[in-house]
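Values in this document were obtained by computation on a predicted structure and should not be read as measured data. Reminder, nothing fancy here: chain letters follow the sequence lines and each chain counts from 1.
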Amino acid sequence: MDPLPRRWYETEAAELAPRLLDKLLASTIGGRRVVGRIIEVEAYDESDPASHTFIGPTARNNVMFGSAAHLYVYLSYGIHHCANVVAGPVGRGQAVLLRALRPIDGLETIRSRRSGRPDRELTDGPGKLCAALGIDRSVNGLDLLATNSPVTILDDGTAPPTNPVVGPRIGISKAVDTPWRFRVPPNKS
DNA sequence: AAAGAGATGGTCT
DNA sequence: GACCATCTCTTTT
């Protein structure tokens, strides 16, 4: 279970996205540790009309223009949080949205944070996985590689899928056709 | 099974 | 004041 070096994240978001599949996302928040395997992601960059960075740097999006392997967390529709991994070199506004996980550890914590939901719906959406891991804007801008970081990404040696499902993007109204959503094939998820 | 709508607040014009 | 990188509940086929 090794962290990945920052260099590993310093690529185009569309290139980083499929490589994040099958990596482990771990959080230790509120004294409870939760781990999930990343099974769906979506890339965004500053040339993308649907991206927060399309309009250039602002107070909200500036972490996306910063150093790779940091966390960009924003509030969606006033209710849910969404978590992204910053990609690319400093100065480019790129990140990969984490869209779905498969629970690996801390299932009781996940269930309590998503109380009343069937297991199938614990972490199958960007807002849901943030709730399950206890991620909110207090961890926005966090360095995934900092020592004792409450949120980390780990490589347990599982290779990313050789044939990820590439599909249309979701939840946006512009540039829906850009095939920048990647998912672990159904049999593996 | 699918479609529709409300919740709710930060961000930007 | 409009617009959301969503989720859940309700209503309709």
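In this structure, A:R137 atom CZ and C:dA5 atom C1' are separated by 16 Å, rounded to whole Å. A:H80 places its NE2 atom 4 Å from the C1' atom of C:dC7, with the value rounded to the nearest Å. When the C1' atom of C:dC7 is taken as reference, atom OH of A:Y74 falls 13 Å away, rounded to whole Å. Rounding to whole angstrom units, CD1 of residue A:I55 and C1' of B:dT11 are separated by 8 Å. Rounded to whole angstrom, the span from the CD1 atom of A:I135 across to the C1' atom of C:dT6 amounts to 16 Å. Rounding to whole angstrom units, OH of residue A:Y77 and P of C:dA5 are separated by 6 Å. Rounded to whole Å, atom C1' of B:dG10 lies 14 Å from atom CG of A:D136. Atom CZ in A:R117 sits about 9 Å away from atom C1' in C:dC7, given to the nearest Å.
Here the rule is side-chain contact (heavy atoms from CB on, under 4.5 Å) with A:L25, and of A:V151, A:V34, A:V35, A:L20 only A:V151 fits it. For the side-chain contact (heavy atoms from CB on, under 4.5 Å) with A:L4, the lone residue among A:T152, A:L154, A:D155 that qualifies is A:D155.
Neither OP1 nor OP2 of C:dA5 sits under 4.0 Å from any side-chain N or O of A:R60. Taking 4.0 angstrom as the limit, A:S76 places none of its side-chain polar atoms (N or O) nearer than this to OP1 or OP2 of C:dA5. Under 4.0 angstrom from either OP1 or OP2 of C:dA5 there lies at least one side-chain N or O belonging to A:H52.
Across all strands shown, B:dT8 forms no Watson-Crick or G-U wobble pair with both distances under 3.5 Å. Across the strands present, C:dA5 finds no partner; the criterion is a Watson-Crick or G-U wobble pair with both atom distances under 3.5 angstrom.
Set against C:dA5, B:dA7, B:dG9, the side chain of A:L75 has B:dG9 as its closest nucleotide. With distances taken from any side-chain atom of A:T58 to the nucleotides B:dC12, C:dT8, C:dT6, the minimum falls on B:dC12. Side-chain proximity of A:R114 to C:dT8, C:dA5, C:dT6: nearest is C:dT8. The nucleotide whose nearest atom lies closest to any side-chain atom of A:P126 is, among C:dC7, C:dA5, C:dC9, C:dC7.
Ion pairing between a basic and an acidic side chain is recognised when a charged N comes within 4.0 Å of a carboxylate O; A:E108 and A:R111 show such pairing. Under 4.0 Å is where a charged nitrogen must lie from a carboxylate oxygen, and between A:K128 and A:D124 at least one such pair does. A:R92 has a carboxylate O that lies under 4.0 Å from a charged side-chain N of A:E12, or vice versa, which qualifies the two as a salt bridge.
Residue A:Y44 and nucleotide C:dA5 are classified as a stacked aromatic pair, their ring centres being separated by less than 5.5 Å at an interplanar angle below 30°.
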